[in-house]
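Here's the structure we're looking at; comments come further down.
Proteins come first, then strands; the chains are lettered A, B, ... in the order of their sequence lines, and each starts at number 1. No hydrogens, no waters, no symmetry mates; every other heavy atom, side chains included, goes into these values.
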There are 2 protein chains.
Amino acid sequence: MLTSVDPDLIRVLGDPLRLRIVALLARETLCTTHLVEETGAKQTNLSNHLKVLREAGVVETEPCGRFTYYKLRPEVLAGLSEQFAALAESARSAAGNKRACP
Amino acid sequence: MLTSVDPDLIRVLGDPLRLRIVALLARETLCTTHLVEETGAKQTNLSNHLKVLREAGVVETEPCGRFTYYKLRPEVLAGLSEQFAALAESARSAAGNKRACP
DNA sequence: CGCTGGTATCAGCAGGCGGTGATGTGAAAG
DNA sequence: CTTTCACATCACCGCCTGCTGATACCAGCG
């Protein structure tokens, strides 16, 4: 039983703008220009966040001419979902386990 | 369709120590003293993090004499799991939706 | 070629957040 | 009542991180 979640991955998704990017990419594959339009953030800022998401394995790039398309890697999100589900189930079954007061 | 996750909740879980606390509470209900033993963190530090977790609705308290027991609220974790699952599924089905280059 | 436009990298700055020590509070023990 | 212990709150500091402007890179187009 794992009952643990990767802290780095959650931290990466903890940023509001990054989470917004993920939500947008969950609907369609977009390039940086589209994300600039949708979020209103500066291109530099987005590029930084996209780098973080890339290094965390959340998104992957697909060059298309001079554009760079970003798409989600659903396995990562699905893995997170499973880990949280495992945590929730563990919490449910352990609701009564109360360690004695010292 | 929501395809979105509460940023605040994820940010709260993004901290390594808080995540560790959640993992420990997923196994058994504990009071602050136990958490101090398990994590090795200072009591003040833990109290701060527990306050954050409490205000985020992740944990709930149960006074027992002069001890305060902390237990997880599984619904919150289950909700997160569902939201991530929805995001993953949305990402899977939208894998081919590529917006035209501007 | 040189130019243009899309994207990535770098350096710097400012705000936020986690860690810590001192202190307050409230309940049981003596 | 006084002491003790579990826990919370407050104030402060240092660092991390996100935002920004300048700049470099790279692909297509003339």
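Think of the region where chain A sits on DNA chain C: with heavy atoms and a 4.0 Å cut, that region ends 5' and 3' at C:dT4 to C:dC10.
B:Arg73 meets the side-chain contact (heavy atoms from CB on, under 4.5 Å) test with B:Glu60, B:Glu75, B:Val76; sequence neighbours excluded. With sequence neighbours left out, A:Asn45 forms a side-chain contact (heavy atoms from CB on, under 4.5 Å) with A:Leu17, A:Ala41, A:Lys42, A:His49. Residues meeting the ring-ring contact (aromatic ring centres under 6.0 Å, His included) test with A:Phe84, sequence neighbours left out: B:Phe84. Contacts of A:Glu89 classified as side chain to side chain donor-acceptor pair (under 3.5 Å), with partners at least two apart in sequence or in another chain: none. In this view, B:Ser47 and B:Gln43 satisfy the side-chain contact (heavy atoms from CB on, under 4.5 Å) rule, not counting sequence neighbours. For B:Glu62, the side-chain contact (heavy atoms from CB on, under 4.5 Å) test picks out A:Lys98, B:Tyr69, B:Lys71, with sequence neighbours left out.
Residue pairs meeting the ring-ring contact (aromatic ring centres under 6.0 Å, His included) criterion with at least one partner in residues 15-39 of chain B, sequence neighbours excluded, are absent.
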Given protein heavy atoms under 4.0 Å, the one-letter contact record of nucleotides 6-20 of chain D, with B base, S sugar-phosphate only and - none, is simply SBBBB-------SSB
